[in-house]
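Working notes for the structure below.
All chains are named by letter (A, B, ...) in the order of the sequence lines, taking the proteins before the strands, and each is independently numbered beginning at 1.
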Amino acid sequence: MSAPEASSTPSPHAATTRPGAPAAPWRRVAAQTVFETRMILRNGEQLLITVILPVLLLVGLVRTSLIDLDTGGADRVDFVTPGVLALAVMSTAFTSQSIATAFDRRNGVLRLLSTTPLGRGGLLAGKVLGVLVVELVQVVVIGGVALALGWQPHPAGLAPALLAVLLGTAAFTSLALLLAGTLRAEGVLAVANLVLVLLTVAGGVLVPAEQLPGALAHVAVLLPSGALGEAMRGALVDGAVPAFSVVVLLGWTAALGWGAGKLFRWH
Amino acid sequence: MPDSPAVVLRDLVKRYDGRPVVDGVSLTAARGEVTAILGPNGAGKTTTVECCEGLRAPDAGTARVLGLDPIGDARELRPRVGVMLQDGGLPTGVRALEMLRHVASMYARPRDVDELTERLGLAGFARTTVRRLSGGQRQRLALAAAIVGRPEVVFLDEPSAGMDPQSRHAVWELVRELRADGVGIVLTTHLMDEAEDLADVVHVVDHGSVIASGTTSSLLAAEGSDGTRTVRFDATPGLDLTGLSPLLDPAAAHGWTCQELRPGAYTVTGPADPGTLAVLTRWLADRDVLAARITVGRRTLEDVFLDLTGRHLR
């Protein structure tokens with residue numbers, strides 16, 4: 001058993017040698033990112049909703065014509081894949097993240113980790129980076145399946161699509177934190193899944209907003225889901241993200257981020 | 001500020017929805033000592049400690065930990081403070097050892113995780129997910145996480161809750177060792193024996209205020225300053241005590257206080273001597289009452305609390 005060092009000996013040069021020195025900030029955030037990623041990928045339900053469900057939707061929509069799609073002349077796989085990627089972003093940045101954060105909040109995990117050198121900022125950074133890592137896994141899996149199905153994304157659209165993913169992640173993570181920081185964990189569980197289903201069906205993600213019935217067509221383009229769907233299709237089908245979608249996503253990020261910052265309760 | 005005490009609270013106030021939960025708490029906790037905040041559930045113990053941990057901002061008054069502001073100086077303070085929350089705060093989906101290693105990775109020079117694992121007997125469930133751990137196992141893991149960063153001050157909120165006696169022993173040993181190393185330990189508890197056995201200084205809180213403070217020995221002092229002692233006995237409730245004082249010492253009947261603090265628990269306070277017990281047991285025998293317990297002098301923290309509030313700690 002190693003003798004613990006006397007930690008009470010004061011020294012003017014203690015800043016770097018003091019026993020309780022924190023690890024470098026990037027190491028703390030990196031450790032938290034790995035920790036968050038591992039927790040998401042290890043959770044069967046999360047994996048089902050973030051990876052398996054989108055892949056099933058992709059294959060189902062491309063290989064069957066159960067759902068009639070007006071692809072505007074594009075190949076079915078080219079038209080469907082961007083929407084499925086948008087859905088994947090929503091499932092990770094919003095549903096998965098809000099549920100995980102809500103339960104961490106209830107179980108005191110957020111409070112405990114915020115008392116370590118990680119702090120609240122590091123915890124948040126780790127969560128966002130964890131989301132991005134999981135999204136990378138999703139893009140690789142879904143993109144791989146899509147390519148096998150004959151997907152040919154617009155080459156000029158790859159960088160804009162990345163931008164759209166980042167903007168969508170920002171908006172939906174903000175929404176996730178707003179929910180997780182204000183509602184009870186069980187409430188978040190219900191709301192997050194329900195909202196994902198509603199947005200998938202009627203939010204302009206898989207089916208373009210303009211093809212939705214009635215007033216929904218006008219509403220969906222203003223939703224973060226519709227904007228992300230439009231942005232992804234714009235990038236990967238036509239090679240450019242519509243400016244309107246960018247504005248909508250930025251607007252939602254600003255509003256939801258502000259709300260989350262104001263209303264998030266740690267207890 | 002190398003010589004600042006572990007914790008200094010001045011007139012700390014914290015309200016929830018306008019209702020004061022912590023209502024003017026002032027106390028100091030020294031380094032190298034175990035300071036217990038003792039009180040019933042709902043007395044404001046956890047909120048007090050949360051103000052020290054930077055988890056809550058006080059509505060009035062100040063909290064200083066190692067001379068620093070827990071919120072304003074959080075960045076500087078966090079690496080030097082270890083926290084064990086009442087509800088654990090452990091993520092449920094990870095394995096025990098994984099969690100401990102993760103917290104250790106937040107520090108430049110953490111304690112040796114293997115050594116800590118052995119000390120607290122975590123090896124047996126190192127690969128079990130937190131969700132499946134028993135209450136005592138979780139508490140031991142949470143304690144390990146609180147001290148893995150070699151903190152100078154440790155806050156333990158109800159550390160023995162849900163622990164079996166063996167775990168408790170291991171935890172107390174470790175706390176004593178930390179104290180010997182100069183670490184300041186602040187623990188909240190509603191367990192008298194925990195405070196009595198472990199703490200150097202006890203602050204008794206009730207309704208958000210400190211109602212008694214002192215070294216454990218001074219609070220438990222057997223003898224009053226004027227040479228009086230207290231004899232306590234447990235017997236059938238509702239005994240009529242009026243005739244007891246004159247029997248004890250006819251000359252100094254006014255010097256005796258006999259009361260039933262709560263049903264069945266009596267105190268007899270005055271210049272007690274060996275004859276006092278003989279009189280008392282005779283008096284009980286005359287009433288055909290068999291006392292379940294008679295103690296002289298030694299008070300417990302339970303008695304202290306009872307004397308101060310007229311209520312039980314639990």
Test T115(A) against every option in L77(B), V81(B), L55(B) by the side-chain contact (heavy atoms from CB on, under 4.5 Å) rule and name the one that passes.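 Result for side-chain contact (heavy atoms from CB on, under 4.5 Å) with T115(A): L55(B).
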Is the shortest side-chain heavy-atom distance between [X] and [Y] below 4.5 Å?
{"X": "Y107(B)", "Y": "P22(A)", "result": "no"}
{"X": "P91(B)", "Y": "F103(A)", "result": "no"}
{"X": "Q32(A)", "Y": "H102(B)", "result": "yes"}

Surrounding [atom1] of [X] (heavy atoms of other residues, nucleotides or ligands, distance under 6.0 Å), is the total greater than 12?
{"X": "R10(B)", "atom1": "CZ", "answer": "no"}
{"X": "R179(B)", "atom1": "CZ", "answer": "yes"}
{"X": "E173(B)", "atom1": "CD", "answer": "yes"}
{"X": "R176(B)", "atom1": "CZ", "answer": "yes"}
{"X": "E118(B)", "atom1": "CD", "answer": "no"}

Go through it in stages, so that I can follow the logic: the residues are T92(B) and N107(A), the test is side chain to side chain contact (heavy atoms under 4.5 Å, CB included), and I'd like the CA-CA distance, side-chain angles, deciding distance and then a yes or no. CA-CA 8 Å; T92(B) 52; N107(A) 294 333; 3.9 Å; yes
Can you give me the closest heavy-atom contact between [X] and [Y], atom names plus distance?
{"X": "P79(B)", "Y": "A21(A)", "result": "CB-C, 4.4 Å"}
{"X": "L112(A)", "Y": "L85(B)", "result": "N-CD1, 3.6 Å"}
{"X": "A23(A)", "Y": "S105(B)", "result": "CB-O, 3.5 Å"}
{"X": "V94(B)", "Y": "R42(A)", "result": "CA-NH1, 4.1 Å"}
{"X": "L118(A)", "Y": "M106(B)", "result": "CB-SD, 3.7 Å"}

What's the verdict on side chain to side chain contact (heavy atoms under 4.5 Å, CB included) for W266(A) and R56(B), showing C-alpha distance, side-chain angles and the deciding distance? CA-CA 9 Å; W266(A) 291 77; R56(B) 292 193 192 271; over 6 Å; no
Check the pair E50(B), H267(A) against side chain to side chain contact (heavy atoms under 4.5 Å, CB included), reporting the backbone distance first and the verdict last. CA-CA 11 Å; E50(B) 283 176 340; H267(A) 288 269; 3.6 Å; yes
What I want to find out is whether R38(A) reaches E98(B) closely enough, with some N-O distance under 4.0 Å, to be called a salt bridge.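 A salt bridge is present here (some side-chain N lies under 4.0 Å from a carboxylate O).
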For S114(A), is there any backbone N or O sitting under 3.5 Å from a side-chain donor or acceptor partner on R78(B)?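 Indeed, once roles are kept as given, a pair shorter than 3.5 Å links the two residues.
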With a 4.5 angstrom heavy-atom cut-off, could you sort out which part of N43(A) is near chain B: side chain, backbone, both or neither?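 Contact with chain B: none, neither part.
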